[in-house]
S.K.: 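Can you keep this structure in mind? I'll have questions shortly.
Only a predicted model underlies this, so the values are computations on that prediction, with no experimental measurement involved.
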Amino acid sequence: MFAAVTEDRFLDGRLRILQPRDGYRAATDPVFLAASVPARAGQRVLELGCGVGVAALCLAHRTGAHLTGVEVQADYADLARRNADANALPLEVIEGDLDRLALTDSFDHVMANPPYYSGGTPSRDAGRDIALREDLPLARWMEVMARRLRPGGTMTLIFGADRLPDALCAMPSSVGSVVVLPLAAREGRAPKRLILQARKGGRAAFVLAASAILHAAAEHKHDGEDVTPLARLILREGGGFPQPLAAASRG
């Protein structure tokens, strides 16, 4: 168990999430990931590497979908279950390694926020390292995601912009209609994060969508909020993207 946890508010307080005070702490990436999944009430969604459950619970809150999360770290899996109970949202958490995942069900959507870093110097916090530093290659994450998808279902990932070549090279042959949505902090800034979505059995051409701009001001001058209406809709109101991903990936 963690030595200490904090209770943090997401979606302007609509969700209250317990997180370790030290270790990997979810910020905005899982919220944007959840906002990009075109799930509907009653559909089944799988998240690989669910951590304390932020993305899964944001999606369950918005859509009423049934969520299953897979998490390799027992302490994080325990917090995810506690967070689901505290927020009265449906989330089944399976503790296990996705490379040895004893799961044969198929899902309407699969999402993941895989580790960003493929190398470098490990940190002193093992839990943070597991969450952020790649152990399994990105190709393996995508292979497992595609295998668990029903025909016509979507797989959605968020990752650093520098990993796009790896992701495109690792794309399983069973999925297509790939759409990439860059997330840029401000107008004129290069995106540091990307959302990638593909559909099982999709045949449409690759689409690189226009960047979603997250902050309205040209630069950060103070700690006051300057998010764009789109970012406010997602981060504060619990809304989703106006489906540029799903619309562009038809076919």
S.K.: What's the shortest heavy-atom distance between Ala55 and Glu47, and which atoms?
M.R.: CB-OE2, 3.5 Å
S.K.: Please walk me through it: do Val54 and Asp8 pass side chain to side chain contact (heavy atoms under 4.5 Å, CB included)?
M.R.: CA-CA 10 Å; Val54 174; Asp8 302 300; over 6 Å; no
S.K.: Go through it in stages, so that I can follow the logic: the residues are Asn87 and His61, the test is side chain to side chain contact (heavy atoms under 4.5 Å, CB included), and I'd like the CA-CA distance, side-chain angles, deciding distance and then a yes or no.
M.R.: CA-CA 9 Å; Asn87 290 280; His61 172 80; over 6 Å; no
S.K.: Could you tell me which non-hydrogen atom of Val45 sits nearest to which non-hydrogen atom of Ala39, and how far apart they are?
M.R.: CG2-CB, 3.9 Å
S.K.: Hey, could you give me the CZ/CG distance between Arg148 and Asp105, rounded to the nearest 0.5 Å?
M.R.: 7.5 Å
S.K.: Between Val144 and Leu136, is there a side-chain heavy-atom distance shorter than 4.5 Å?
M.R.: no
S.K.: Could you pull out the closest heavy-atom pair between Val52 and Pro20, with the gap in Å?
M.R.: CG1-CD, 4.2 Å
S.K.: On a heavy-atom basis, which atom in Pro30 and which in Asn113 lie closest, and how many Å separate them?
M.R.: CD-ND2, 4.2 Å
S.K.: When rounded to the nearest 0.5 angstrom, what is the spacing between CG in Leu48 and CE in Met142?
M.R.: 12.0 Å
S.K.: How many angstroms lie between atom OG1 of Thr156 and atom CG of Leu33, to the nearest 0.5 angstrom?
M.R.: 7.0 Å
S.K.: Measure the shortest side-chain to side-chain distance between Leu103 and Leu46 over non-hydrogen atoms and say whether it is less than 4.5 angstrom.
M.R.: yes
S.K.: Does any N or O in the side chain of Ser177 come within less than 3.5 Å of the main-chain N or O of Arg203, such that one atom is a donor and the other an acceptor?
M.R.: yes
S.K.: Can a donor-acceptor pair be found, under 3.5 Å and without considering hydrogens, that links the side chain of Glu71 to the backbone of Gln73?
M.R.: yes
S.K.: Under a single-linkage definition using a 4.5 Å side-chain heavy-atom cutoff for Ile, Leu, Val, Met, Phe, Trp and Tyr, are Val180 and Ile213 assigned to the same hydrophobic cluster?
M.R.: no
S.K.: Where do Gly96 and Val70 come nearest, in terms of heavy atoms and distance?
M.R.: O-CG1, 3.6 Å
S.K.: To the closest 0.5 Å, what do you measure between CD1 (Ile158) and CG (Asp29)?
M.R.: 4.0 Å
S.K.: Quick check for you: to the nearest 0.5 Å, what is the distance between Phe10 atom CZ and Thr28 atom OG1?
M.R.: 9.0 Å
S.K.: Does a side-chain heavy-atom distance below 4.5 Å link Met145 with Val175?
M.R.: no
S.K.: Would you say Cys50 and Ile94 make side-chain contact, with heavy atoms under 4.5 Å?
M.R.: no
S.K.: Under 3.5 Å, is there a donor-acceptor pair between the side chain of Gln197 and the main chain of Ser36?
M.R.: yes
S.K.: Answer whether the closest heavy-atom distance between the side chains of Leu196 and Met171 falls below 4.5 Å.
M.R.: yes
S.K.: Using the six-membered ring wherever Trp is involved, compare the ring planes of Phe2 and Tyr76 and label them parallel, tilted or perpendicular (cut-offs 30° and 60°).
M.R.: perpendicular
S.K.: Passes side chain to side chain contact (heavy atoms under 4.5 Å, CB included), Phe159 versus Asp166? Steps please.
M.R.: CA-CA 11 Å; Phe159 47 75; Asp166 296 336; over 6 Å; no
S.K.: Could you report the tightest heavy-atom contact between Leu18 and Asn83, atom names first, then the distance?
M.R.: N-OD1, 2.8 Å
S.K.: Is it the case that the side chain of Lys200 and the backbone of Ser174 share a donor-acceptor pair, with hydrogens and angles ignored and the cut-off at 3.5 Å?
M.R.: no
S.K.: Among Arg40, Arg44, His66, Arg150, find the residue that satisfies the side-chain hydrogen bond (donor to acceptor under 3.5 Å, both in side chains) test when tested with Asp108.
M.R.: Arg150
S.K.: To the nearest 0.5 Å, how far apart are CD in Glu187 and CZ in Arg189?
M.R.: 11.0 Å
S.K.: Evaluate the side-chain proximity of Leu233 to Phe241: yes if any heavy-atom separation is below 4.5 Å, no if none is.
M.R.: no
S.K.: Answer yes or no: is there a donor N or O on one side and an acceptor on the other, between the side chain of Arg62 and the main chain of Ala34, under 3.5 Å?
M.R.: yes
S.K.: For the residue pair Thr6 and Gln19, confirm or rule out a side-chain donor-acceptor distance under 3.5 Å.
M.R.: no
S.K.: Could you check whether any side-chain N or O of Arg16 sits under 3.5 Å from a backbone N or O of Glu7, counting only pairs where one atom can act as donor and the other as acceptor?
M.R.: no
